[in-house]
Each structure stands twice: as C-alpha cells, then as structure tokens.
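Below: one structure, written as structure tokens.
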Number of protein chains: 2
Amino acid sequence: MSSNEPIWYDELPSPVGILRLVADDSGLREIWFENGRHQKAPHSQWRRAAAPFVLVRRQLEEYFAGERQQFELPLHPHGTAFQLKVWWELARIPYGATISYGQLAQRIDQPLAVRAVGAANGRNPLPIVLPCHRVIGSDGSLTGFGGGLPTKRYLLALENGVAHGDLFGSALRTR
Amino acid sequence: MSSNEPIWYDELPSPVGILRLVADDSGLREIWFENGRHQKAPHSQWRRAAAPFVLVRRQLEEYFAGERQQFELPLHPHGTAFQLKVWWELARIPYGATISYGQLAQRIDQPLAVRAVGAANGRNPLPIVLPCHRVIGSDGSLTGFGGGLPTKRYLLALENGVAHGDLFGSALRTR
DNA sequence: ACCAGACTCGCCGTTTTCGGACATCAATGC
DNA sequence: GCATTGATGTCCGAAAACGGCGAGTCTGGT
C-alpha cells in the first residue's frame, strides 16, 4: 500500500496568493497555488506543521522581496524519469531569463519532444522554486501557468526588477 | 517514492518445496512457492533476516506435521478492498473442508462475482495460511493453484489425514 | 510588401479508455 | 452432451486522446 512515512504540509501567504507547501522528511515535494489549476485538498493522513518549512518559508520570503535569486533547499519532486529530467533542467535557467519550450527540449537532448516538455512543465510540482515560469512560447507569449497567467507575469516582472504595482498592467503579452 | 519501512524476507523448506516468506513490521505479507506461478526475485531493498519469522516458521512446521489446524499470526496482505474481503473470508473455511468458488462468492454477499472471486483467489499472497487451497470447482475439480495442483492436492490430503506418500496418487480428481 | 491571426500538421510522453482474459457457474438452446 | 451466454472485479496490453509547442500556409487588411 502507500508509504507510512510522514507527510507534512503548511500554508504561506505570498504576493501571488496563499501557497500550500508539502514535504516529506527528505525534502519539499509540492507547492500549490490557492485556487490554482491542480488544486486539491491535503490528503487526510498528512499532518500540518511549521517546523519542516522554516527554510522554505525564509527563502520564499526573500525571493518575493527581490533579495534572493537562487534557492538552496532539499527538493523531492515525484514524477516520471522524463518529467524529472525536464524539471531539473528548469533549475538551470538563470534568474530573470526566459527560454522557449523548444529550447528547453533541446537542452535535454530531445529537440522534438516539444509538446511533451510543455506537458511536463504544466505538471511541475514545485513552481517558483523550479522556475517553470521562465519558459515561454517561441513567439514570446506566456501561453500558460498552473497558478494563472497573471502570476506568471508577476514573477517575471519581479525578476526583472519591474515595479510590483502593475500586476495586471505589465507590458508582457499574454497573447 | 515507495515506503521507507523495512521489508524482511527469508526462506523455509517444506514438504511442498522451499517457501519464500516476506514480512514488514506489522505482519506477514507474502508467501511464494519456489518455482511457483508468480515467482519473482526479492526486491533489492529487502533485507534477509530470520528473527521476524520465528512464529511463522514454527506454526508452518506444526501445520505440516499435522499438529496445527489454525494459524495465529499477524498478517498484512496487500490488495484491493475486494481482494481483502475474499482473502479474509478464506480464513473462515474450516480445516479439512472445501467449498466452491460459487459458495465463497455467496459468503461475501456477491453471489454473482464468481469469476472475480476466482481471480482474487489466484492472487492470494498468503497461500497455506489463508487456505485458498480449500476452494475447488463446483464439480469437485481442483481447477488451479499458485503453487501447482500437486501441492493443492497434497495440502488437502494432509488436512484429511491421508498418508503423505502419495503426492501424485491421490484420489482427488485434477479434472 | 508586410503583418497579425487562424488554421493544419507533425512531434512525443502521459493519461485515459477499451477489450480480453482469468483458478467460475448456472441456465439455456440445440 | 455440448457450446453459448451473462454476471464480477482486476490486471494487462494496445490504442486513442490529450496537452502550457512550433513551424509552415493561407487569408485579409493595410
């Protein structure tokens, strides 16, 4: 049956809404956006606790304050071999940069697996920390984000030092 | 990914061949027949140990010596809800008795789920202890057994006090 | 000419769906 | 006798559908 190992969760307010954090003893497993796309209820056997998330909380707060460009956290995302390959490649996109899905496909040596990369991106269990928001359409359009396009736009604006007030007024095209 | 909880295994010689025993901390999980149908190699992360199987070993030895008619062991079989229902019902078939797949289906209040019962029976992870060998065709034929029909015949003969020598000469029809 | 959209088609991993096969058995029609 | 059929849950394989794409074509408006 499923694992007996304990799973922890907690919530964290942020400029882009409440974040639900999930972790096990070996690292951070998931981050959900409140009202995000794959929103689901915490599993009944999970336990709420703040202690496992002290590091995560601090680094995310620093990130949103514009004071952190890189995360140093134990991560433990779950997925297929292909998905993990894509997700770890995300971590290598520099802060503030953007690449296209096609380029990302090339970087994992599967230049034709473009749609598959898109699908894997769409299931990134650790948004923000694994910066899937830095991947955009080859024509510069944002095309999609689990936490909603405004959030994607906000994160990119944040990383480019743009003033925060214009959550809905950015110059970045939505399409 | 999967559980971190330790899994133990060991082997036990018996009149019907070597038995592979698998257990976790909450009870016996599996018994395989050497050369049985769903024969598989022990998982690489399992650890071999004798201590968890002291009780199991003694009770099985007593059973094969004809000195035990009922097992008193912590069991922890894994399966679907339906399968567990079938398997626990097996434990209520008296020593030496036989019933048909149809009767077994009735006892779990699903008189039509006869084939499903057959399939569940075929996946009994704890043969001998959960006596699937006591389930036979409605016409008295043995019809099938994970450890081979001769073994099924042997177990039934043992439980009926028949002399052991005739492993292949029993009067019980094979079909 | 040029450009923005709308449309088509090929690409690929994952998910979903579907169809059989099973350690059955009783009823039916021939 | 004997083949057929229907009822049940699960597993397994195959097949199809489905995406946070992208390059190419076509169309219509300037």
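In what follows, chains are A, B, ... by sequence order, proteins preceding strands, each numbered from 1.
- Comparing dT24(C), dC12(C), dG20(D) by their closest approach to the side chain of Ala116(A) singles out dC12(C).
- Annotation: the span from Leu130(B) atom CG to Leu73(B) atom CG amounts to 10.0 Å, rounded to 0.5 Å.
- For Ile108(B) and dT10(D), the CD1 to P distance is 10 Å, given to the nearest whole Å.
- Between dG13(C) and Gln110(A), a contact under 4.0 Å exists linking OP1 or OP2 to a side-chain N or O.
- In the set dT8(D), dA23(C), dT10(D), the nucleotide with an atom closest to the side chain of Phe82(B) is dT10(D).
- Note on Ser100(A): a side-chain N or O is less than 4.0 Å away from OP1 or OP2 of dG22(D).
- The nucleotide dA16(D) finds its pairing partner in dT15(C), both defining distances of the Watson-Crick or G-U wobble pair being shorter than 3.5 Å.
- Under the Watson-Crick and G-U wobble criteria, each requiring two contacts below 3.5 Å, nucleotide dT8(D) is left unpaired.
- In the set dC21(D), dG9(D), dT8(D), dT8(D) carries the atom at the smallest distance from any side-chain atom of Leu112(B).
- No side-chain donor-acceptor contact under 3.5 Å links Glu159(A) to the backbone of Ala97(A).
- For the atom pair CG (Leu19(A)) and CZ (Phe53(A)), the distance works out to 11.5 Å, reported to the nearest 0.5 Å.
- For Phe145(B) and dC22(C), the CZ to C1' distance is 17 Å, given to the nearest whole Å.
- Between Arg123(A) and dG19(D), a side-chain N or O to OP1/OP2 separation shorter than 4.0 Å is absent.
- Here the side chain of Arg115(A) is nearest to one of dG10(C), dG13(C), dC11(D), namely dG10(C).
- For the pair Asn121(B) CG and dT24(C) P, the interatomic distance rounds to 10 Å; values are reported in whole Å.
- With both ends at atom P, the span from dG20(D) to dT16(C) equals 13 Å, rounded to whole Å.
- Nucleotide dC25(C) holds its C1' atom 10 Å from the CG atom of Asp139(B), rounded to whole Å.
- Across the protein-nucleic acid pair, Phe33(A) atom CZ and dG20(D) atom C1' stand 14 Å apart, rounded to whole Å.
- Here Ile93(A) contributes atom CD1 and Leu104(A) contributes atom CG; the two are 6.0 Å apart, rounded to the nearest 0.5 Å.
- Using a 4.5 Å heavy-atom threshold, the side chains of Asp10(A) and Arg48(A) count as touching.
- In this structure, Asp109(B) atom CG and dG9(D) atom P are separated by 13 Å, rounded to whole Å.
- No more than 12 heavy atoms of other residues, nucleotides or ligands lie within 6.0 Å of CZ in Arg92(B), so this atom counts as exposed by the packing criterion.
- Ala113(A) comes within 4.0 angstrom of the backbone, heavy atoms only, and of no base.
- Within 4.0 Å of Val135(A), counting heavy atoms only, lies at least one base atom of the nucleic acid.
- The NZ-P distance, from Lys85(B) to dT8(D), rounds to 13 Å in whole Å.
- The side chain of Val114(A) has dC21(D) as its nearest neighbour among dC21(D), dG20(D), dC25(C).
- Under 4.0 angstrom from either OP1 or OP2 of dC21(D) there lies no side-chain N or O belonging to Ser138(A).
- The nearest whole Å value for the distance from the CG atom in Leu104(B) to the P atom in dG9(D) is 14 Å.
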